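Below is one structure, written out as structure tokens, with a few remarks after it.
Predicted, not measured: the structure shown is a model, and the values here were computed from it.
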Amino acid sequence: MHIQQKECVAMLLAGGQGSRLGALTRKIAKPAVAFGGKYRIIDFSLSNCTHSNITTVGVLTQYKPLVLNSYIGTGAAWDLDDAYGGVFILPPYATESGGQWYCGTADAIFRNLDFIDNYNPEYVLIISGDHLYKMDYSLMLDYHKKSNADLTISVMEVPLAEASRFGILSADQTGKINKFSEKPKNPDSNLASMGIYIFSWPVLKEALLADSENASSEHDFGKNIIPMLLAEGKNLYAYTFCGYWQDVGTIESYYNTNMELLEPDSPFSIFEEDMRVFSNSNIYPPHYVGPGAVLEDCLVCNGSHIFGKAQHSILSFDIYIEEDAQVIDSILLPGAVVEKGARVERAIIGENTVVKAGAVFGDRESDEIAVVGDNQAIENQCS
């Protein structure tokens with residue numbers, strides 16, 4: 001295969017289990033979880049690469065990757081099936097000395113140095129496949145170049161009360177970072193790392209090689225690589241991002257972020273013509289709303305059949321709501337079925353799960369969001 005040198009190669013970390021999403025990630029990786037009806041979470045990062053003219057993307061998978069691998073395919077859905085680049089699935093692999101899972105974010109990149117070396121890039125963009133945001137990485141790359149940075153970290157301001165959940169940094173007036181702490185108990189800044197990095201490739205390669213030989217390292221960017229580069233006096237700069245960004249790492253944040261899409265002035269729009277979000281789920285016929293059906297304030301996707309009542313809900317592709325069934329304040333993931341007379345309220349129904357006739361799942365008055373995973377059958381009340 002002819003390899004063409006690339007100015008910037010993206011490495012997309014998509015192996016996360018997402019255990020805080022409970023039943024939703026029992027059988028698939030977090031980046032493969034459906035979102036917003038027709039999308040999967042990874043669509044947003046891949047679409048960002050397309051809009052940023054980054055055509056070579058290594059996707060590092062690990063936890064239950066089957067759905068993710070088949071979904072990404074050649075990358076054609078995101079216009080990333082480039083003749084001299086494209087999307088490449090990079091799972092852990094065995095070597096002469098054996099094989100093991102990736103042992104941290106930095107270890108995952110380290111074990112794919114050969115892949116990056118093939119393209120001999122000037123810069124490497126490192127992103128996650130489980131965040132929701134729209135970003136033109138080329139603007140961040142321009143900033144990286146103008147700052148003569150070794151590493152640029154995309155940051156945003158967060159409430160100080162939540163800062164201990166993030167990597168927190170301080171920077172001077174020029175944007176140069178002078179302090180970094182990974183999830184500090186007592187943060188002294190509210191400038192949070194978004195986990196989006198642009199490295200100058202020689203600096204990243206040298207740092208990963210050094211880190212790999214450190215037996216006490218956790219091989220993590222936030223805990224090890226960034227502090228090491230800062231201590232060495234490298235040029236680290238903060239790139240401030242002012243748009244929408246969300247890590248849907250809990251059931252509550254996942255549910256609320258989906259429901260925000262139904263708001264007329266939603267902070268995160270999937271309807272904008274510029275920075276469109278691409279997906280690999282356009283293979284279904286139009287949706288159908290039957291006679292007598294009630295449909296109010298819903299997102300409805302292709303291939304869905306609605307004969308009952310749906311209010312203020314996200315109805316993913318290929319779902320089925322039978323006569324006299326009710327779906328209220330809920331999210332139905334792809335292939336879900338709500339049979340005749342069943343009622344679903346303030347709930348998330350997993351892919352290809354069936355709520356049997358007459359069953360009740362969830363409660364609008366409850367503080368808890370009822371959740372059921374994929375390929376299940378609900379026959380009675382669950383909480």
Less than 6.0 Å separating the ring centroids of Y137 and H144? no
Could you tell me whether the side chains of N235 and K176 share a donor-acceptor contact shorter than 3.5 Å? yes
I need the minimum non-hydrogen distance between M156 and G243, along with the two atoms involved. CE-O, 4.0 Å
SB check D142 K146 (cutoff 4.0 Å): no
So does D188 pair up with K179, basic N to acidic O under 4.0 Å? yes
Once you measure the plane-to-plane angle for H131 and W245, does it fall in the parallel (<30°), tilted (30-60°) or perpendicular (>60°) bin? perpendicular
Taking the six-membered ring for Trp, are Y119 and F115 parallel (under 30°), tilted (30 to 60°) or perpendicular (over 60°)? perpendicular
Kindly confirm or rule out a cation-pi arrangement of R276 over F271, judged by NZ or CZ under 6.0 Å from the six-membered ring centre and within 45° of its axis? no
Quick one: are the ring centres of Y39 and F278 less than 6.0 Å apart? no
Below 30° counts as parallel, above 60° as perpendicular, anything between as tilted: where do the rings of F221 and F199 land? tilted
Among L208, T105, L151, D220, find the one that has a side chain to side chain contact (heavy atoms under 4.5 Å, CB included) with I225. L208
Using only heavy-atom distances, determine whether the side chains of H219 and D211 contain a donor-acceptor pair under 3.5 Å. yes
Apply side chain to side chain donor-acceptor pair (under 3.5 Å) to Y244 and E260, showing your working. CA-CA 12 Å; Y244 182 95; E260 281 180 347; 3.2 Å; yes
Would you tell me whether S47 and T50 have side-chain atoms, one donor and one acceptor, within less than 3.5 Å of each other? no
Shortest non-hydrogen contact between S147 and Y237, atoms and distance: O-CE1, 3.6 Å
Pairwise distance CG(L299) to OG(S313) - rounded to 0.5 angstrom: 10.0 Å
Partner of W78 under side-chain hydrogen bond (donor to acceptor under 3.5 Å, both in side chains), chosen from D43, T55, N48: D43
Charged N-O contact under 4.0 Å between D117 and K205: yes
Does this structure show an ion pair linking D247 with K30, if we count only N-O contacts that are shorter than 4.0 Å? yes
With the threshold set at 4.0 Å, does a side-chain nitrogen-carboxylate oxygen contact exist between E351 and R40? yes
Is D329 salt-bridged to R346, going by a charged N under 4.0 Å from an acidic O? no
Quick check: does any side chain N or O of S330 sit under 3.5 Å from a backbone N or O of I328, one acting as donor and the other as acceptor? yes
Which residues pass the side chain to side chain contact (heavy atoms under 4.5 Å, CB included) test with V203, not counting sequence neighbours? D150, S200, L229, K234
F268 vs F44 aromatic rings, parallel, tilted or perpendicular, using cut-offs 30° and 60°? tilted
With H312 via ring-ring contact (aromatic ring centres under 6.0 Å, His included) - residues at least two apart: none
ring-ring contact (aromatic ring centres under 6.0 Å, His included) partners for F180, two or more places apart: none
